[in-house]
Protein chains: 2
Amino acid sequence: MAATLHDVARVAGVSIKTVSNVINDYPHVRPETKERVLAAIAELGYRPNLSARNLRSGRTGMISLIIPNLRNPYFAELADDVMNAASARGLSVLIEQVGGDRESELSVLRGSRRQAVDGILYSVLALGQEDAAVLDEIPLPMVLLGERIFNSSRDHVTMRNEDGLRAATEHLLAIGCRRIIALGSHPGEVIGSAGLRLDGYLQALDAAGVPVDERLIVHADRWHRVDGAAAMRSILAAGTEFDGIVAFNDSLALGAMRIMQEAGLRIPQDVAVIGFDDLDETRYSVPTLSTIEPGRPQIAETAVDMLLARIEERASAESSPAEPREVLTDFRLVQRESTTRAAGAPGSSGL
Amino acid sequence: MAATLHDVARVAGVSIKTVSNVINDYPHVRPETKERVLAAIAELGYRPNLSARNLRSGRTGMISLIIPNLRNPYFAELADDVMNAASARGLSVLIEQVGGDRESELSVLRGSRRQAVDGILYSVLALGQEDAAVLDEIPLPMVLLGERIFNSSRDHVTMRNEDGLRAATEHLLAIGCRRIIALGSHPGEVIGSAGLRLDGYLQALDAAGVPVDERLIVHADRWHRVDGAAAMRSILAAGTEFDGIVAFNDSLALGAMRIMQEAGLRIPQDVAVIGFDDLDETRYSVPTLSTIEPGRPQIAETAVDMLLARIEERASAESSPAEPREVLTDFRLVQRESTTRAAGAPGSSGL
DNA sequence: CTGAAAGCGCTAACAG
DNA sequence: CTGTTAGCGCTTTCAG
């Protein structure tokens, strides 16, 4: 059986309160007493029982991160960023994957593990604006990530989708592209990454006086590599002409590049390509992929900080809760080979 | 304040024991009583307090998975497999990333979160055979993954490294390669993935009567894409001739392919390439990458089952613990474009 | 089939 | 500066 406070107290010849004080770094303990306690702790290999502490304090030191799937590199990298931010603040992260359908997302949100965490970072995927009210029912601090829900009662951290995609499109225009495919639209969507990003594309074309060709706006329901590949196959089959692609995420871009290369199209000479997300692998693809770096580490840090603030606000329970905050992170265009047409470029491999 | 057992009991007009019985699906509860209790639970939105349950029962329903890094796709896919296996068995997974150095691995193993989980799945990376004894000190059920430690007192699940790499090498020999690079060796290592895989390579050459050329055994300390790329650059710089590559993992293979393509080498015509791990992305690279599928889902399921068995064994605490078990999973060679030289092949894109 | 009551190990008033 | 004590919410004997 593991040692308890009482065991330590007995061995050190003090009361459990004193041991507790030492453990929790309370100020007023005489140095020699403290030393005796520390010695007893070491001798017994004592470790506080977290369940008991949680029960008593009402806090677990864990937050949950709800994401669709770790096999999706975007979310694996996000999870890594979040775990780093959390561990720097003394928190552990319980990752919960959800199936992508509305029911599964709701059931995880309401799920039993709820009781085991102090708060939730929720990367919204299947729920939408119409579900904003549902979130109020979850009796736990929560910070939203992503572009599906705005103006709820919860704090929200998101990237500059429109601005980012506008910058990407402007970049292609600047290197001479005129028939630019927007890859990844969700017809009819206004809010959500796809709607916002499409808007950035349209803004850029508009500002440059380049007419919009509906055939260049290519639908892709899901944004995995296989979807980018499939979309590119139909584009090629349809015989649509194009000289640039702004993909709504990196995976779509990578899938499309794969098919273009099979078809003998050269990147960036025949078609320039830019993605969105700055996945690690964009540095290693052939060619390396230009992309928008959406400030993911900043998203993770900000979100963890906001969640922690909400948790502490709730613990002190003094005034009424602060107004929900909306944070937009900074993005950055990263130019790599897939949009570098200059003949005399030094040809760094990007590795 | 959230509802407690007592609240439910009061509303239902029964004692808390009865409520507890209903919640835990104990058999002997009269149907009508049960219904009253269920109604009260629904009315109050009662959810059991997990901290209290954990404190009482000594179990948390969580296991921790210790891995180096989620950004490494191998571990992201492993984590996904483990989470699926765990959630099918009613367990949650706490992922803990470790830095890769010995100290950080030890401190996580001994770390405070220990108290918050019922058991540990530990993918050994920085520790080695000489640390087998250290593992005994961790007072928690544990199952080891990977190839760094054998014959400890812990259960262990691992893949068939030698056999897999032998099969990969034999495959290259079968399609006509004679100067095959083994990419990823760790000089001097005997146990560990690198040592075992090199052994498989040597066995295959030996069996085929192909002489070993030391220049074809290429060192790579770490196994990320960038390391494969760097290694390939030095190979090309050294002017070593080769017509096949068996990489010790997929990332090395993908990095090497990138550099070969820059250098104008055609895959598989000039050089056939095979990797190890069957990462998702091997299906989407250019060309698609042949590889060894090491049975990762099976590893995850087996490991979770074994851990659960240990947890239960400890709970019942009857007889002495069962002998440590060693499980080897089945592998499978997956042939894709990177080793398919047949001229008239249909050229499926593998997507 | 159901109720009463004793803790799991810890924190935090409250007293000394 | 340190000790006593009362629970946190649940599970689990042990009696009815």
Side-chain angles (χ1 to χ4, degrees), chain A residues 1-38 40-41 44-61 112-118 139 314-317, chain B residues 1-38 40-41 44-61 112-118 139 314-317:
Chain A
M1 205 54 222
T4 78
L5 265 190
H6 289 92
D7 300 326
V8 176
R10 192 160 20 74
V11 169
V14 297
S15 84
I16 61 166
K17 169 60 174 156
T18 304
V19 180
S20 175
N21 283 346
V22 170
I23 290 167
N24 297 298
D25 263 338
Y26 276 168
H28 310 298
V29 182
R30 208 189 311 152
E32 59 188 78
T33 315
K34 182 166 178 177
E35 230 162 278
R36 265 216 324 283
V37 171
L38 255 20
I41 289 176
L44 297 171
Y46 168 77
R47 318 236 63 193
N49 177 315
L50 293 186
S51 293
R53 178 177 285 177
N54 298 343
L55 174 58
R56 190 57 238 230
S57 68
R59 285 190 50 175
T60 64
S112 61
R113 273 294 145 194
R114 239 178 50 185
Q115 295 274 354
V117 298
D118 296 332
R314 208 169 82 128
S316 61
Chain B
M1 206 50 224
T4 76
L5 263 191
H6 288 94
D7 300 325
V8 176
R10 193 161 17 76
V11 169
V14 297
S15 85
I16 60 168
K17 167 62 174 153
T18 305
V19 181
S20 176
N21 282 348
V22 170
I23 290 168
N24 296 298
D25 263 337
Y26 277 169
H28 311 297
V29 181
R30 210 188 308 151
E32 57 188 79
T33 315
K34 182 166 178 173
E35 232 163 276
R36 265 217 323 285
V37 171
L38 256 17
I41 288 176
L44 297 172
Y46 168 78
R47 322 235 60 194
N49 177 315
L50 294 186
S51 293
R53 179 176 285 178
N54 298 343
L55 174 58
R56 190 58 236 228
S57 67
R59 284 187 54 173
T60 64
S112 61
R113 274 294 144 195
R114 240 178 49 186
Q115 295 274 353
V117 298
D118 296 333
R314 209 169 83 128
S316 60

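Every chain is numbered from 1, with letters handed out A, B, ... down the list of sequences.
Closest heavy-atom contact between A/L50 and B/A116: CD1-CB, 3.8 Å. For the residue pair A/R36 and A/A12, the shortest heavy atom distance occurs at NE-O, 2.9 Å. Here the closest heavy-atom approach between residue B/T4 and residue B/Y46 is recorded as C-CE1, 3.5 Å.
Separating the CG atom of B/N21 from the P atom of D/dC10 is a distance of 14 Å, rounded to the nearest angstrom. Computed from coordinates, the B/R30 CZ to C/dG3 P distance equals 10 Å when rounded to whole Å. The interatomic distance linking A/H6 (NE2) with D/dG3 (P) rounds to 12 Å, in whole Å. Rounded to a whole Å, the CZ atom of B/R10 is 12 Å from the P atom of D/dG9. Whole-Å rounding puts the A/R59 CZ to C/dC10 P distance at 19 Å. Atom CG of B/N49 and atom C1' of C/dC8 are 13 Å apart (whole Å). The separation between A/L50 atom CG and C/dC8 atom P is 18 Å, rounded to whole Å.
Rounding to the nearest 0.5 angstrom, the gap separating the CZ atom in B/R47 from the CD1 atom in B/I23 is 10.0 Å. Here A/N21 contributes atom CG and A/I16 contributes atom CD1; the two are 10.5 Å apart, rounded to the nearest 0.5 Å.
Here B/T4 does not reach the OP1 or OP2 of D/dG9: none of its side-chain N or O atoms lies under 4.0 Å away. Between B/T18 and C/dT2 there is no side-chain N or O to OP1 or OP2 distance below 4.0 Å.
In terms of the side-chain contact (heavy atoms from CB on, under 4.5 Å) criterion, residue partners of A/D118 (sequence neighbours excluded) are, by chain and number, A/R59, A/T60, A/I311. In this structure B/S20 satisfies the side-chain hydrogen bond (donor to acceptor under 3.5 Å, both in side chains) test together with B/N24, sequence neighbours excluded. Partners of B/K34 by side-chain contact (heavy atoms from CB on, under 4.5 Å), not counting sequence neighbours, listed by chain and number: B/V22, B/D25, B/V29, B/L38. Partners of A/R56 according to the salt bridge (charged side-chain N to carboxylate O under 4.0 Å, His left out) rule, which considers only residues two or more places apart in sequence or in another chain, do not exist here.
Each of B/P31 and B/L55 lies near DNA chain C, and the nucleotide nearest B/P31 is the one positioned closer to the 5' end.
Among the heavy atoms of the strands lying under 4.0 Å from A/T33 are primed sugar atoms or P, OP1, OP2 only; no base atom is included.
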* To do: Would you mind building the protein contact string for nucleotides 11-16 of chain C? One character per nucleotide, 5' to 3', B for base within reach (heavy atoms under 4.0 Å), S for sugar-phosphate only, - for untouched.
  => BBB---

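Note on the helix from C/dC1-D/dG16 to C/dG16-D/dC1: angle between the axes of the first and last five pairs equals 30°, rounded to 10 degrees.
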